[in-house]
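Let me begin by presenting the structure, written as C-alpha coordinates, before commenting on it.
For clarity, every value in this text was computed on a predicted model and none was experimentally measured. As a basis for the values below, the full set of heavy atoms in this structure was taken, side chains included, without hydrogen atoms, waters or symmetry mates.
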Amino acid sequence: MKGASASSTIQAAFSYCVQQVRNYDYQHYLCLLELPPDMRKPAFALRAFNIETARAMDIASDPRIGLMRLLWWQEAIDKIFADKSIEHPTAQALAYVVSEHKISKGWMKRSVEARINDARREVTDMPETIEEVERYAEDTVSTLLYTTLQAGGIRSTAADHAASHIGKASGLLLLLRSLPYHANRNRHFPYIPKDLAANHNLLDTQGGRSEIRMDSPESLSDVVFDMASVANAHLKKARQLAGTVPAEALPVLLPAVPAQVILDSLSRVQFNVFDPRLARGILGIPPLWFQLKLKWHSWRGKY
(Lines give C-alpha, C1' and ligand atoms only; values in the text may rest on other atoms or scores of the structure.)
Protein backbone atom coordinates (compact mmCIF):
# COMPACT_ATOMS: atom_id res chain seq x y z
CA MET A 1 0.00 0.00 0.00
CA LYS A 2 2.84 2.37 0.85
CA GLY A 3 4.44 1.79 -2.56
CA ALA A 4 1.13 2.35 -4.32
CA SER A 5 0.59 5.59 -2.37
CA ALA A 6 4.07 6.86 -3.27
CA SER A 7 3.50 6.00 -6.93
CA SER A 8 0.19 7.84 -6.86
CA THR A 9 1.85 10.91 -5.32
CA ILE A 10 4.57 10.96 -7.98
CA GLN A 11 2.02 10.56 -10.75
CA ALA A 12 -0.01 13.46 -9.35
CA ALA A 13 3.17 15.55 -9.11
CA PHE A 14 4.00 15.00 -12.78
CA SER A 15 0.41 15.72 -13.80
CA TYR A 16 0.67 19.00 -11.90
CA CYS A 17 3.89 19.87 -13.77
CA VAL A 18 2.30 19.16 -17.14
CA GLN A 19 -0.68 21.37 -16.27
CA GLN A 20 1.57 24.21 -15.09
CA VAL A 21 3.52 24.16 -18.34
CA ARG A 22 0.31 23.99 -20.37
CA ASN A 23 -1.18 26.93 -18.45
CA TYR A 24 1.82 29.26 -18.29
CA ASP A 25 4.20 28.27 -21.09
CA TYR A 26 1.99 26.88 -23.82
CA GLN A 27 4.46 27.24 -26.69
CA HIS A 28 6.99 25.11 -24.82
CA TYR A 29 4.27 22.70 -23.72
CA LEU A 30 3.78 21.97 -27.43
CA CYS A 31 7.55 21.62 -27.87
CA LEU A 32 7.78 19.05 -25.07
CA LEU A 33 5.06 16.93 -26.65
CA GLU A 34 7.48 16.34 -29.53
CA LEU A 35 10.03 14.69 -27.22
CA PRO A 36 10.33 10.90 -27.05
CA PRO A 37 7.92 9.54 -24.38
CA ASP A 38 10.69 8.58 -21.96
CA MET A 39 12.03 12.15 -21.94
CA ARG A 40 8.75 13.95 -21.39
CA LYS A 41 8.42 13.44 -17.64
CA PRO A 42 11.80 14.93 -16.71
CA ALA A 43 11.37 17.69 -19.30
CA PHE A 44 7.99 18.72 -17.89
CA ALA A 45 9.34 18.67 -14.33
CA LEU A 46 12.31 20.87 -15.29
CA ARG A 47 10.11 23.26 -17.28
CA ALA A 48 7.65 23.49 -14.36
CA PHE A 49 10.56 24.36 -12.06
CA ASN A 50 11.45 27.16 -14.46
CA ILE A 51 7.87 28.43 -14.30
CA GLU A 52 7.90 28.41 -10.50
CA THR A 53 11.03 30.57 -10.37
CA ALA A 54 10.18 32.78 -13.38
CA ARG A 55 6.75 33.71 -11.97
CA ALA A 56 7.79 34.09 -8.32
CA MET A 57 8.17 37.87 -8.46
CA ASP A 58 5.21 38.45 -10.77
CA ILE A 59 2.60 36.72 -8.62
CA ALA A 60 3.83 38.08 -5.29
CA SER A 61 1.89 40.97 -3.78
CA ASP A 62 5.14 42.22 -2.24
CA PRO A 63 8.62 41.87 -3.85
CA ARG A 64 9.96 40.58 -0.54
CA ILE A 65 7.51 37.67 -0.70
CA GLY A 66 8.64 36.88 -4.24
CA LEU A 67 12.26 36.90 -3.13
CA MET A 68 11.43 34.61 -0.20
CA ARG A 69 9.83 32.21 -2.67
CA LEU A 70 12.99 32.14 -4.76
CA LEU A 71 15.13 31.59 -1.67
CA TRP A 72 12.79 28.72 -0.75
CA TRP A 73 13.49 27.12 -4.15
CA GLN A 74 17.22 27.61 -3.68
CA GLU A 75 16.97 25.67 -0.43
CA ALA A 76 14.64 23.13 -2.04
CA ILE A 77 17.29 22.20 -4.61
CA ASP A 78 19.74 21.43 -1.80
CA LYS A 79 17.11 19.26 -0.13
CA ILE A 80 16.26 17.44 -3.37
CA PHE A 81 19.90 16.52 -3.97
CA ALA A 82 20.22 15.51 -0.31
CA ASP A 83 17.27 13.13 -0.82
CA LYS A 84 15.05 15.01 1.64
CA SER A 85 11.30 15.06 1.07
CA ILE A 86 9.47 18.30 0.19
CA GLU A 87 5.72 18.79 0.17
CA HIS A 88 5.41 20.52 -3.17
CA PRO A 89 4.36 18.75 -6.39
CA THR A 90 7.02 20.34 -8.63
CA ALA A 91 9.71 19.60 -6.05
CA GLN A 92 8.45 16.02 -5.73
CA ALA A 93 8.61 15.55 -9.50
CA LEU A 94 12.10 17.04 -9.58
CA ALA A 95 13.23 14.77 -6.76
CA TYR A 96 12.07 11.75 -8.76
CA VAL A 97 13.87 13.03 -11.88
CA VAL A 98 17.10 13.62 -9.93
CA SER A 99 16.91 10.12 -8.45
CA GLU A 100 16.46 8.53 -11.89
CA HIS A 101 18.72 10.70 -14.07
CA LYS A 102 22.12 12.35 -13.79
CA ILE A 103 21.10 16.00 -13.48
CA SER A 104 23.64 18.69 -12.63
CA LYS A 105 22.82 20.43 -9.38
CA GLY A 106 25.06 23.27 -10.53
CA TRP A 107 22.84 24.15 -13.51
CA MET A 108 19.70 24.21 -11.37
CA LYS A 109 21.37 26.32 -8.69
CA ARG A 110 22.71 28.69 -11.31
CA SER A 111 19.21 29.19 -12.69
CA VAL A 112 17.53 30.06 -9.40
CA GLU A 113 20.49 32.17 -8.23
CA ALA A 114 20.21 34.27 -11.40
CA ARG A 115 16.53 34.84 -10.58
CA ILE A 116 17.44 35.77 -6.99
CA ASN A 117 20.06 38.29 -8.13
CA ASP A 118 17.53 39.76 -10.56
CA ALA A 119 14.90 40.00 -7.80
CA ARG A 120 17.34 41.85 -5.55
CA ARG A 121 17.86 44.60 -8.11
CA GLU A 122 16.14 47.91 -7.56
CA VAL A 123 13.26 48.53 -9.96
CA THR A 124 15.26 51.30 -11.64
CA ASP A 125 18.51 49.29 -11.93
CA MET A 126 19.59 48.59 -15.49
CA PRO A 127 22.08 46.14 -16.98
CA GLU A 128 25.20 47.91 -18.23
CA THR A 129 25.65 45.96 -21.46
CA ILE A 130 23.85 43.55 -23.77
CA GLU A 131 26.37 40.89 -22.69
CA GLU A 132 24.98 41.16 -19.16
CA VAL A 133 21.48 40.44 -20.48
CA GLU A 134 22.84 37.52 -22.52
CA ARG A 135 24.38 36.02 -19.38
CA TYR A 136 21.03 36.25 -17.61
CA ALA A 137 19.36 34.54 -20.56
CA GLU A 138 21.91 31.74 -20.50
CA ASP A 139 21.67 31.31 -16.73
CA THR A 140 17.86 31.05 -16.79
CA VAL A 141 17.05 29.48 -20.17
CA SER A 142 20.12 27.69 -21.54
CA THR A 143 20.53 25.88 -18.22
CA LEU A 144 17.02 24.49 -18.68
CA LEU A 145 18.07 22.98 -22.02
CA TYR A 146 21.33 21.65 -20.55
CA THR A 147 19.47 19.78 -17.81
CA THR A 148 16.89 18.45 -20.26
CA LEU A 149 19.71 17.04 -22.40
CA GLN A 150 21.20 15.48 -19.26
CA ALA A 151 17.86 13.93 -18.32
CA GLY A 152 17.78 12.30 -21.76
CA GLY A 153 21.23 10.85 -21.23
CA ILE A 154 22.57 12.98 -24.08
CA ARG A 155 26.23 13.88 -23.67
CA SER A 156 27.28 16.04 -26.59
CA THR A 157 29.43 19.16 -26.69
CA ALA A 158 27.78 20.20 -29.96
CA ALA A 159 24.29 19.83 -28.46
CA ASP A 160 25.32 21.83 -25.39
CA HIS A 161 26.82 24.52 -27.61
CA ALA A 162 23.63 24.75 -29.67
CA ALA A 163 21.54 24.77 -26.47
CA SER A 164 23.62 27.68 -25.18
CA HIS A 165 22.85 29.77 -28.26
CA ILE A 166 19.16 28.78 -28.37
CA GLY A 167 18.76 29.57 -24.68
CA LYS A 168 20.35 32.99 -25.09
CA ALA A 169 18.16 33.78 -28.09
CA SER A 170 15.00 32.54 -26.41
CA GLY A 171 15.80 34.36 -23.18
CA LEU A 172 16.48 37.66 -24.94
CA LEU A 173 13.29 37.45 -26.99
CA LEU A 174 11.14 36.52 -24.00
CA LEU A 175 12.56 39.50 -22.12
CA LEU A 176 11.62 41.74 -25.06
CA ARG A 177 8.06 40.36 -24.99
CA SER A 178 7.89 41.21 -21.28
CA LEU A 179 8.74 44.90 -21.76
CA PRO A 180 5.10 46.11 -21.99
CA TYR A 181 4.25 44.22 -18.79
CA HIS A 182 7.07 45.89 -16.88
CA ALA A 183 6.31 49.28 -18.39
CA ASN A 184 2.69 49.02 -17.25
CA ARG A 185 3.61 47.68 -13.83
CA ASN A 186 6.61 49.84 -12.93
CA ARG A 187 6.83 52.52 -15.63
CA HIS A 188 10.28 51.14 -16.35
CA PHE A 189 12.12 48.88 -18.82
CA PRO A 190 14.37 46.72 -16.61
CA TYR A 191 16.08 44.61 -19.28
CA ILE A 192 17.24 47.25 -21.77
CA PRO A 193 20.99 47.71 -21.31
CA LYS A 194 22.48 51.14 -20.84
CA ASP A 195 24.88 50.83 -23.77
CA LEU A 196 22.11 50.27 -26.33
CA ALA A 197 19.83 52.86 -24.72
CA ALA A 198 22.61 55.44 -24.89
CA ASN A 199 23.29 54.59 -28.55
CA HIS A 200 19.70 55.56 -29.39
CA ASN A 201 19.42 58.59 -27.07
CA LEU A 202 16.99 56.78 -24.81
CA LEU A 203 19.03 57.07 -21.63
CA ASP A 204 17.89 59.77 -19.21
CA THR A 205 20.39 60.36 -16.41
CA GLN A 206 19.23 62.58 -13.55
CA GLY A 207 20.44 62.73 -9.97
CA GLY A 208 22.88 59.90 -10.57
CA ARG A 209 20.11 57.54 -11.73
CA SER A 210 19.62 56.24 -15.24
CA GLU A 211 16.22 55.56 -16.74
CA ILE A 212 14.84 54.77 -20.16
CA ARG A 213 12.86 57.61 -21.70
CA MET A 214 9.34 56.49 -22.46
CA ASP A 215 8.47 59.29 -24.88
CA SER A 216 10.27 57.98 -27.95
CA PRO A 217 8.62 54.84 -29.37
CA GLU A 218 10.75 54.98 -32.53
CA SER A 219 14.00 54.90 -30.56
CA LEU A 220 12.63 52.12 -28.36
CA SER A 221 11.86 50.08 -31.48
CA ASP A 222 15.45 50.65 -32.63
CA VAL A 223 16.77 49.26 -29.33
CA VAL A 224 14.42 46.28 -29.58
CA PHE A 225 15.72 45.69 -33.11
CA ASP A 226 19.32 45.69 -31.83
CA MET A 227 18.51 43.19 -29.08
CA ALA A 228 16.49 41.03 -31.47
CA SER A 229 19.44 41.07 -33.88
CA VAL A 230 21.67 39.62 -31.15
CA ALA A 231 19.06 36.90 -30.58
CA ASN A 232 18.91 36.23 -34.32
CA ALA A 233 22.70 35.82 -34.43
CA HIS A 234 22.48 33.21 -31.68
CA LEU A 235 19.80 31.28 -33.57
CA LYS A 236 21.96 31.31 -36.70
CA LYS A 237 24.98 30.01 -34.76
CA ALA A 238 22.84 27.25 -33.24
CA ARG A 239 21.63 26.16 -36.67
CA GLN A 240 25.16 26.17 -38.06
CA LEU A 241 25.90 23.44 -35.52
CA ALA A 242 22.95 21.28 -36.63
CA GLY A 243 25.11 18.91 -38.67
CA THR A 244 27.18 17.99 -35.62
CA VAL A 245 24.30 17.63 -33.14
CA PRO A 246 23.26 14.00 -32.48
CA ALA A 247 19.78 13.07 -33.70
CA GLU A 248 18.50 12.29 -30.20
CA ALA A 249 19.25 15.87 -29.11
CA LEU A 250 17.29 17.56 -31.91
CA PRO A 251 13.83 17.42 -30.22
CA VAL A 252 15.29 19.06 -27.09
CA LEU A 253 16.38 22.01 -29.23
CA LEU A 254 12.91 22.67 -30.67
CA PRO A 255 12.52 25.81 -28.47
CA ALA A 256 14.43 27.47 -31.31
CA VAL A 257 11.12 27.36 -33.21
CA PRO A 258 9.09 29.60 -30.82
CA ALA A 259 12.14 31.87 -30.57
CA GLN A 260 12.10 32.28 -34.34
CA VAL A 261 8.33 32.90 -34.25
CA ILE A 262 8.82 35.76 -31.77
CA LEU A 263 11.56 37.18 -33.96
CA ASP A 264 9.37 37.02 -37.06
CA SER A 265 6.39 38.52 -35.21
CA LEU A 266 8.52 41.43 -33.96
CA SER A 267 9.77 42.02 -37.49
CA ARG A 268 6.19 42.20 -38.82
CA VAL A 269 5.31 44.97 -36.36
CA GLN A 270 8.56 46.89 -36.96
CA PHE A 271 9.85 45.85 -33.52
CA ASN A 272 7.15 47.77 -31.67
CA VAL A 273 6.70 45.63 -28.55
CA PHE A 274 3.46 47.46 -27.75
CA ASP A 275 1.74 46.40 -30.96
CA PRO A 276 -1.38 44.40 -29.91
CA ARG A 277 -0.81 41.91 -32.74
CA LEU A 278 2.01 40.37 -30.71
CA ALA A 279 -0.54 39.17 -28.14
CA ARG A 280 -2.66 37.30 -30.67
CA GLY A 281 -2.70 33.52 -30.99
CA ILE A 282 0.60 31.92 -29.98
CA LEU A 283 3.42 34.48 -29.98
CA GLY A 284 1.62 36.58 -32.57
CA ILE A 285 0.59 33.90 -35.08
CA PRO A 286 -2.51 31.65 -35.34
CA PRO A 287 -2.27 28.57 -33.06
CA LEU A 288 -2.71 26.14 -35.96
CA TRP A 289 0.08 27.79 -37.91
CA PHE A 290 2.38 27.60 -34.88
CA GLN A 291 1.64 23.90 -34.42
CA LEU A 292 2.24 23.21 -38.11
CA LYS A 293 5.59 24.99 -37.95
CA LEU A 294 6.57 22.97 -34.90
CA LYS A 295 5.44 19.68 -36.44
CA TRP A 296 7.30 20.43 -39.67
CA HIS A 297 10.55 21.10 -37.84
CA SER A 298 10.09 18.02 -35.65
CA TRP A 299 9.33 15.78 -38.62
CA ARG A 300 12.30 17.08 -40.57
CA GLY A 301 14.65 16.78 -37.58
CA LYS A 302 15.27 20.53 -37.67
CA TYR A 303 15.34 23.28 -35.09
Side-chain angles (χ1 to χ4, degrees), residues 17 21 25 27-51 53-54 77 81 93-94 96-114 131 134-174 230-263 293-303:
C17 290
V21 179
D25 194 359
Q27 65 267 25
H28 290 118
Y29 166 81
L30 294 173
C31 289
L32 297 190
L33 293 181
E34 298 300 319
L35 291 172
D38 61 334
M39 287 186 65
R40 288 177 197 161
K41 274 190 175 182
F44 272 112
L46 291 164
R47 186 64 67 169
F49 165 67
N50 180 65
I51 289 169
T53 57
I77 294 170
F81 280 86
L94 279 176
Y96 182 84
V97 170
V98 167
S99 71
E100 295 291 316
H101 306 273
K102 290 184 178 179
I103 305 292
S104 169
K105 179 182 178 182
W107 290 133
M108 296 182 69
K109 292 279 281 190
R110 184 170 161 182
S111 171
V112 72
E113 284 166 4
E131 288 79 14
E134 287 177 273
R135 280 195 299 273
Y136 179 72
E138 177 166 32
D139 289 347
T140 55
V141 186
S142 299
T143 52
L144 179 57
L145 298 178
Y146 300 153
T147 50
T148 305
L149 288 167
Q150 288 181 332
I154 301 166
R155 303 291 185 265
S156 164
T157 301
D160 286 345
H161 195 182
S164 173
H165 286 299
I166 292 169
K168 287 176 183 176
S170 181
L172 284 171
L173 292 164
L174 290 171
V230 174
N232 186 46
H234 281 298
L235 285 178
K236 286 183 175 179
K237 288 176 183 176
R239 289 180 179 132
Q240 288 168 0
L241 293 163
T244 60
V245 172
E248 61 269 24
L250 297 175
V252 180
L253 303 179
L254 278 174
V257 176
Q260 185 66 54
V261 170
I262 297 175
L263 199 57
K293 275 180 173 287
L294 193 59
K295 283 288 184 183
W296 186 88
H297 281 82
S298 179
W299 180 66
R300 293 287 302 275
K302 305 286 187 181
Y303 58 81

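We find the OG1-CE distance between T53 and M108 to be 9.0 Å, quoted to the nearest 0.5 Å. Here the straight-line distance linking atom CG of L254 with atom CD1 of I166 works out to 8.5 Å at 0.5 Å rounding. In this structure, the separation between CZ on R135 and CZ on R110 is 10.0 Å, given to the nearest 0.5 Å. Rounding to the nearest 0.5 angstrom, the gap separating the CG atom in L32 from the CG atom in D25 is 8.0 Å. Atom CG in L253 sits 11.0 Å away from atom CZ in R239 (nearest 0.5 Å). We find the CG-OG distance between L241 and S164 to be 10.0 Å, quoted to the nearest 0.5 Å.
Remark: K295 NZ is loosely packed, at most 12 non-hydrogen atoms of other residues, nucleotides or ligands lying under 6.0 Å away. Atom OH of Y96 sits in a sparse spot, with 12 or fewer heavy atoms from other residues, nucleotides or ligands closer than 6.0 Å.
When atom types are taken as modelled, the side chain of Y303 and the backbone of V252 share no donor-acceptor pair closer than 3.5 angstrom. A distance-only check finds a donor-acceptor pair linking the side chain of T147 to the backbone of L144 [under 3.5 Å]. Looking only at distances, no side-chain donor or acceptor of S298 sits under 3.5 Å from a matching main-chain atom of L294. Side chain of S170 to main chain of G167: no donor-acceptor pair is present (N/O by atom type, distance under 3.5 Å, no hydrogens or angles). Checking side-chain atoms of R47 against main-chain N and O of Y29 turns up no donor-acceptor pair under 3.5 Å. With hydrogens and angles ignored, the 3.5 Å screen pairs no side-chain donor or acceptor of Y136 with any backbone N or O of G171.
F49 has its side chain within reach of I77: a pair of non-hydrogen atoms, C-beta onward, lies under 4.5 Å apart. Under the 4.5 Å side-chain criterion, counting only non-hydrogen atoms from C-beta, S142 is not in contact with W107. By the 4.5 Å heavy-atom criterion applied to side chains, L94 and F81 are not counted as neighbours. The shortest distance between side-chain heavy atoms of H234 and E134 falls below 4.5 Å.
Residues A48 and V21 come closest through the heavy atom pair N-CG2, 3.8 Å. Considering all non-hydrogen atoms of both residues, L174 and Q27 come closest at CD2-NE2, 4.2 Å. Minimum interatomic distance between L35 and A43 (heavy atoms only, all atoms of both residues): CD1-CB, 3.4 Å. Of all the heavy atoms in D139 and A114, the pair that sits closest is CB-CB, 3.6 Å. Smallest separation of non-hydrogen atoms from L173 and A259: CD1-O, 3.2 Å. Residue L172 comes nearest to A137 through the heavy atom pair N-CB, 4.0 Å, listed as atom of the first residue, atom of the second, then distance.
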*Checking side chain to side chain donor-acceptor pair (under 3.5 Å) for the pair H297/E34: CA distance, chi angles, key distance, verdict?*
CA-CA 10 Å; H297 281 82; E34 298 300 319; over 6 Å; no

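The stretch residues 150-163 participates, sequence neighbours left out, in these side chain to side chain donor-acceptor pair (under 3.5 Å) pairs: H161-H165.
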